[in-house]
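Step one of this worksheet: look at the structure below.
Source: prediction; values computed, not measured. Just so you know, these numbers use all the heavy atoms, side chains as well, and skip hydrogens, waters and symmetry mates.
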Amino acid sequence: QVQLVQSGGGLVQPGGSLRLSCVLSGTTFIYYPRDWYRQAPGKQREWVATITRAGNTNYADSVKGRFTASRDNAKKTIYLQMNSLKPEDTAIYYCKANSEHYWGQGTQVTVSS
């Protein structure tokens, strides 16, 4: 059974940094972790970043230059390094595989002084 398990997140002051991780467990040759999304209170879930299996990345304008996605294919893991965090980055962050069927459980990121 394929699952995405997230770790990281927490409470950080504005300007601080956090790193999220997302590991794909289970045997599959098709699926791999690829995308990051977030959902702020009272808002719709929004796309944050994508990292392809080859390591190519794309970012939402709101995080470009502050967030960096990376991956370790051998560990079936993707990461989201978040720097210069702002209060408006506060949200539940989700990772997703290259399929709508597989999402991580979500992890809370709170940016507050």
Flag, side chain of Thr57 to backbone of Ala69, donor-acceptor distance under 3.5 Å: no
Enumerate the side chain to side chain donor-acceptor pair (under 3.5 Å) contacts for residues 4-30, please, sequence neighbours excluded, ordered by first and then second residue. Ser17-Asn83
ILVMFWY clustering at 4.5 Å (side-chain atoms), partners of Tyr94: Tyr37, Trp47, Ile92, Trp103
Shared-cluster residues of Val48, by chain and number - hydrophobic side chains joined below 4.5 Å: Val12, Leu18, Leu20, Trp36, Ile51, Tyr59, Val63, Phe67, Ile78, Leu80, Met82, Leu85, Tyr93, Val109, Val111
Is there a continuous path of hydrophobic side-chain contacts, each under 4.5 Å between heavy atoms, that joins Ile30 to Tyr32? no
Assess the residue pair Thr90 and Gln108 against the criterion (side-chain contact (heavy atoms from CB on, under 4.5 Å)); give the C-alpha distance rounded to whole Å, side-chain angles, the decisive distance to 0.1 Å, and a yes or no. CA-CA 8 Å; Thr90 295; Gln108 178 70 48; 4.0 Å; yes
Under the salt bridge (charged side-chain N to carboxylate O under 4.0 Å, His left out) definition, can you give me all pairs with a residue in residues 57-72, not counting sequence neighbours? Asp61-Lys64, Arg66-Asp89
Please list all pairs passing the salt bridge (charged side-chain N to carboxylate O under 4.0 Å, His left out) test where one or both residues lie in residues 97-113, with sequence neighbours left out. Lys96-Glu100
Atom CZ of Arg38 and atom CZ of Arg45: how far apart are they, to the nearest 0.5 Å? 13.0 Å
When clusters are formed from ILVMFWY side-chain contacts under 4.5 Å, directly or step by step, what else is grouped with Val23? none
Looking only at heavy atoms, what is the nearest atom pair of Cys22 and Pro33, with distance? SG-CB, 4.2 Å
Under 3.5 Å: donor-acceptor pair, side chain of Asn58, backbone of Thr50: no
On a heavy-atom basis, which atom in Ser112 and which in Pro14 lie closest, and how many Å separate them? C-CD, 3.6 Å
